[in-house]
Engineer: 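Here's a structure for you.
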Amino acid sequence: MKVSPAIAQTARIAAAIDKLASFTEADRPYTRLVFSPEFDAARNWLADAFAAAGLVCHIDSGGNLIGTRTVNLERANLKMSDEGRADRAKVLIGSHIDTVPAGGRFDGIAGVIAALEVVHYLNEHQIELPFDLEIVDYLGEELNVWGTSCLGSRHMAGLLTPEILGRVDVDGRQLASEITRIGGNNLGCDEVRSDADQILACLELHIEQAKLLEIQSHDIGIVTAIPGIYRYGISVKGQAGHSGTTPMDDRQDALVAAADIILAINGLASDIARDENQHFVATIGKIEVFPNGAAIVPGQVEMTLDMRSASTHSKSAFLAAFETICRDSAARRHCAVDVRPLAAADIAPMDSGLMQNLSDAAAVNGLSTIKLASGAGHDTAHLSRFAPAAIIFIPCSDGLSHCPEEFTSNEAIAKGAWVLTSCVLALAGKPLQAVVQR
Ligand code: HGY
Ligand code: MN
Ligand code: MN
C-alpha cells in the first residue's frame, strides 16, 4: 500500500528519534553525555545514517561530525578555482545529539534529524545545489564536566581556548584528549574556520524549550536573538566541625553562606527580570558540599552559577550586585568566597536576511510563525560569530525540556524540516516553493 510522502516522512523521523533515544544510560533515560559510550554509539549510528543518505562523512578538528552533500561542479555549472579547490559556497544545517543528565529525546536531536530530512528531500527530487550542504552534529552542546558548553561550535568559531582544552575532570580526563579520542585534533581551536568566508548560512532547528508556540498555537518560532550566557564557579570555604559540639555562634558554615548567596541571587535576578522587562535568569543548579556528612558542619561548598541575559545592561547590573552579595555573605558567615569565570557567550543577534528567508519558507508551506527571543543557548550563537546564522523553534509540550518528559511531535519536526528545505532551495536561487508533503 503506497503511503503519502508525509506519512513516510513522519515514520522515518519517528524511527530516527526512537533509535537515538535508545542510546542512553539504561537507569537514567535519556542520558547521552558527550564522550560517553552512549554518545560514541549514537555517533556511529548517525554517521551510518549520514552515509546512507549519500553524505560524505568526516570528523573535523573540533570533533564535529559533518556529513557533506558535495556540489556536482559539472551539473551545477561551476568551475574549479586555480588552486584546484572548487570555489563554492557552503550551507551548514545542524544541531547536537548529546544530552544533559536525565534529559529529553528531542533537545538538539530534533534539529539533526530535521537537517537529515532536508537531504532526503533533495535526494528524492534529484535536486542539485550550487553549494555544498554540510549536515552537522556539533560536539558537546550541553554543559559538561569541563565547565564549557557548545564545544564543537565554539571550536569552529575559534573560541575554544588552550586553557579550556587543558581542563581535566575529576576522573583525570583532559578535554583535548577526549576530542582527539573521537577523531578531532584540536588544531586551530582558537582560529575561525578557514573557509568561513564561503559559508552562506548556518541554520538550526530546535525545540522551543518554553511554552509560547504551544500556547499561541504557532507552528514555527523565528528566533531574533540568543541570550548572553555567563557561567561562574563559586567556592565557599569555611571550617568543617563537629555538628554536636560546635556552638551556633562559633561556626564557619560554608553551606549556610552558600544558602545566603543562592537566595540573594534568586531575589536579585527576579528583580532584574521584572524591572528590565526582558529575559534575564540566574540559576545555581549544581552544588557540592564537603565533607557532606550529616554530623559535620560543612567546611566547603563548590557551586556553579548560570546567568543569562538579553542585554549587557542587565548583565552588568547583576554582576555588580552579585559581588556585594558574595562579600556580605563571606563577612556574615566568616567564610571565604571566591568566584571564577567558567564560560561566556555574548548575546547573538540572528541574521535578519535569513530570518526573512525562514519566515517566507514557513509561509509558503502554510505554516504560522512568530518572532521570539531564545531563553536557551544554542550552537547557532557561536556560528553567528563567523557566518550568517539563524535558528527556528518548533513547539514542545508544556515547554518542558532537560527532562524525560520533553516532547514534540514527529509532525512538528517534519514541518520544521519543510521550512529548512524551502529556505535552502531559496538560498540556491530557486523560486520560493512549498515542500509540503501532506
Ligand atoms: O543550556 C542551554 O541553554 C542549552 O540547553 N545547552
Ligand atoms: Mn539544545
Ligand atoms: Mn539543552
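These numbers come from a predicted model, not from an experiment.
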Engineer: Would you list the pairs meeting side-chain hydrogen bond (donor to acceptor under 3.5 Å, both in side chains) in which at least one residue belongs to residues 292-303, sequence neighbours left out?
Structural biologist: Ser235-Glu302, Gln300-Glu302
Engineer: Could you tell me whether the side chain of Thr10 and the main chain of Ile7 form a donor-acceptor pair under 3.5 Å?
Structural biologist: yes
Engineer: Decide yes or no for Ile199 and Arg193: does some side-chain heavy atom of the first lie under 4.5 Å from some side-chain heavy atom of the second?
Structural biologist: yes
Engineer: Would you call His378 and Val223 a side-chain contact if the rule is heavy atoms closer than 4.5 Å?
Structural biologist: no
Engineer: Atom CG in Asp132, atom CD in Gln198: separation rounded to 0.5 Å?
Structural biologist: 8.5 Å
Engineer: Compare all side-chain heavy atoms of Phe35 with those of Leu151 and state whether any distance is below 4.5 angstrom.
Structural biologist: yes
Engineer: Test Ile164 against His155 for side chain to side chain contact (heavy atoms under 4.5 Å, CB included), laying out the working first.
Structural biologist: CA-CA 11 Å; Ile164 294 174; His155 198 288; over 6 Å; no
Engineer: Under the criterion side-chain hydrogen bond (donor to acceptor under 3.5 Å, both in side chains), I'd like the reasoning laid out for Tyr138 against Asp98: C-alpha separation, chi angles, the key distance, then a yes or no.
Structural biologist: CA-CA 9 Å; Tyr138 294 104; Asp98 64 307; over 6 Å; no
Engineer: If you measure from the Lys or Arg side-chain nitrogens to the Asp or Glu carboxylate oxygens, is any gap between Asp338 and Lys237 under 4.0 Å?
Structural biologist: no
Engineer: Under a 3.5 Å distance rule, please check whether Ser329 uses its side chain to pair with a backbone N or O of Cys326 as donor and acceptor.
Structural biologist: no
Engineer: Verify, without hydrogens or angle tests, whether Ser401 (side chain) and Glu406 (backbone) share a donor-acceptor contact under 3.5 angstrom.
Structural biologist: no
Engineer: Just wondering, do Leu354 and Leu203 contact through their side chains at under 4.5 Å, heavy atoms?
Structural biologist: yes
Engineer: Measuring from Asp351:CG to Cys202:SG, what's the distance to the nearest 0.5 Å?
Structural biologist: 10.0 Å
Engineer: Test Val435 against Asn365 for side chain to side chain contact (heavy atoms under 4.5 Å, CB included), laying out the working first.
Structural biologist: CA-CA 7 Å; Val435 296; Asn365 283 288; 3.8 Å; yes
Engineer: Going through the checks in order, is the side-chain hydrogen bond (donor to acceptor under 3.5 Å, both in side chains) test met by His402 and Asp107?
Structural biologist: CA-CA 7 Å; His402 283 193; Asp107 172 357; 3.0 Å; yes
Engineer: Ignoring hydrogens and geometry, is there a side-chain-to-backbone donor-acceptor pair from Thr24 to Thr31 under 3.5 Å?
Structural biologist: yes
Engineer: How close do Glu208 and Leu213 get, heavy atom to heavy atom, and via which atoms?
Structural biologist: OE1-N, 2.9 Å
Engineer: Would you say the ring centers of His313 and Phe280 fall short of 6.0 Å from each other?
Structural biologist: no
Engineer: Taking C-beta and beyond as the side chain, do Ile220 and Ile394 meet within less than 4.5 Å on heavy atoms?
Structural biologist: yes
Engineer: Which class fits the ring pair Phe106 and Phe407: parallel under 30°, tilted 30 to 60°, perpendicular over 60°?
Structural biologist: perpendicular
Engineer: For the side-chain contact (heavy atoms from CB on, under 4.5 Å) test, which of Thr161, Asp190, Thr148, Leu139 pairs with Arg154?
Structural biologist: Thr148
Engineer: Do other residues, nucleotides or ligands put more than 12 heavy atoms under 6.0 Å from the CD atom of Gln216?
Structural biologist: yes
Engineer: Closest heavy-atom contact between Gly147 and Ala343?
Structural biologist: O-CB, 3.7 Å
Engineer: Do the side chains of Met156 and Ile66 get nearer than 4.5 Å, heavy atoms only?
Structural biologist: yes
Engineer: Between CD of Gln9 and NE2 of His120, what distance do you get to the nearest 0.5 Å?
Structural biologist: 9.0 Å
Engineer: Is any side-chain heavy atom of Val34 less than 4.5 Å from a side-chain heavy atom of Ile182?
Structural biologist: no
Engineer: Got a donor-acceptor contact below 3.5 angstrom from the Trp146 side chain to the Arg173 backbone?
Structural biologist: yes
Engineer: Do Arg43 side-chain atoms and Asp137 backbone N/O form a donor-acceptor pair below 3.5 Å?
Structural biologist: yes
Engineer: Show the numbers, then the answer: is there a side chain to side chain contact (heavy atoms under 4.5 Å, CB included) between Glu134 and Asp60?
Structural biologist: CA-CA 12 Å; Glu134 293 189 358; Asp60 74 358; over 6 Å; no
Engineer: Are Leu212 and Phe393 close enough, and set up right, to give a side chain to side chain contact (heavy atoms under 4.5 Å, CB included), and what steps lead you there?
Structural biologist: CA-CA 10 Å; Leu212 187 74; Phe393 283 165; over 6 Å; no
Engineer: Using atom types as modelled and distance alone, determine if a side-chain donor or acceptor of Asp219 lies under 3.5 Å from a backbone N or O of Ser368.
Structural biologist: yes
Engineer: To the nearest 0.5 Å, what is the distance between CD (Glu204) and CG (Leu383)?
Structural biologist: 7.5 Å
Engineer: First locate atom CD of Glu191, then atom CG of Leu160, and finally report the distance between them rounded to the nearest 0.5 Å.
Structural biologist: 12.5 Å
Engineer: So, the side chain of Glu214 versus the backbone of Asp398: is there a donor-acceptor pair under 3.5 Å, distance only?
Structural biologist: yes
Engineer: Begin from the C-alpha positions of Lys286 and Asp306 and carry the test salt bridge (Lys or Arg N to Asp or Glu O under 4.0 Å) through to its verdict.
Structural biologist: CA-CA 9 Å; Lys286 183 175 182 181; Asp306 174 295; over 6 Å; no
Engineer: What residues, two or more places apart in sequence or in another chain, satisfy salt bridge (Lys or Arg N to Asp or Glu O under 4.0 Å) together with Glu163?
Structural biologist: Arg167
Engineer: Could you tell me whether the side chain of Val419 reaches within less than 4.5 Å of the side chain of Leu205, counting heavy atoms only?
Structural biologist: no
Engineer: Heavy atoms only: give me the nearest Ala282-Ile265 pair and the separation to one decimal.
Structural biologist: CB-CG2, 3.8 Å
Engineer: Determine the minimum heavy-atom distance between Val112 and Ser95, stating which atoms define it.
Structural biologist: CG2-C, 3.6 Å
Engineer: Distance check, rounded to the nearest 0.5 Å: Lys90 atom NZ versus Arg69 atom CZ?
Structural biologist: 15.5 Å
Engineer: Where is the tightest heavy-atom contact between Leu420 and Ala114, given as atom of each residue plus distance?
Structural biologist: CD1-CB, 4.1 Å
Engineer: Can a donor-acceptor pair be found, under 3.5 Å and without considering hydrogens, that links the side chain of Arg231 to the backbone of Leu342?
Structural biologist: no
Engineer: Closest approach of Ile97 and Ala42, non-hydrogen atoms and distance?
Structural biologist: CD1-CB, 3.9 Å
Engineer: Is there a donor-acceptor contact under 3.5 Å from the side chain of Ser36 to the main chain of Phe39?
Structural biologist: yes
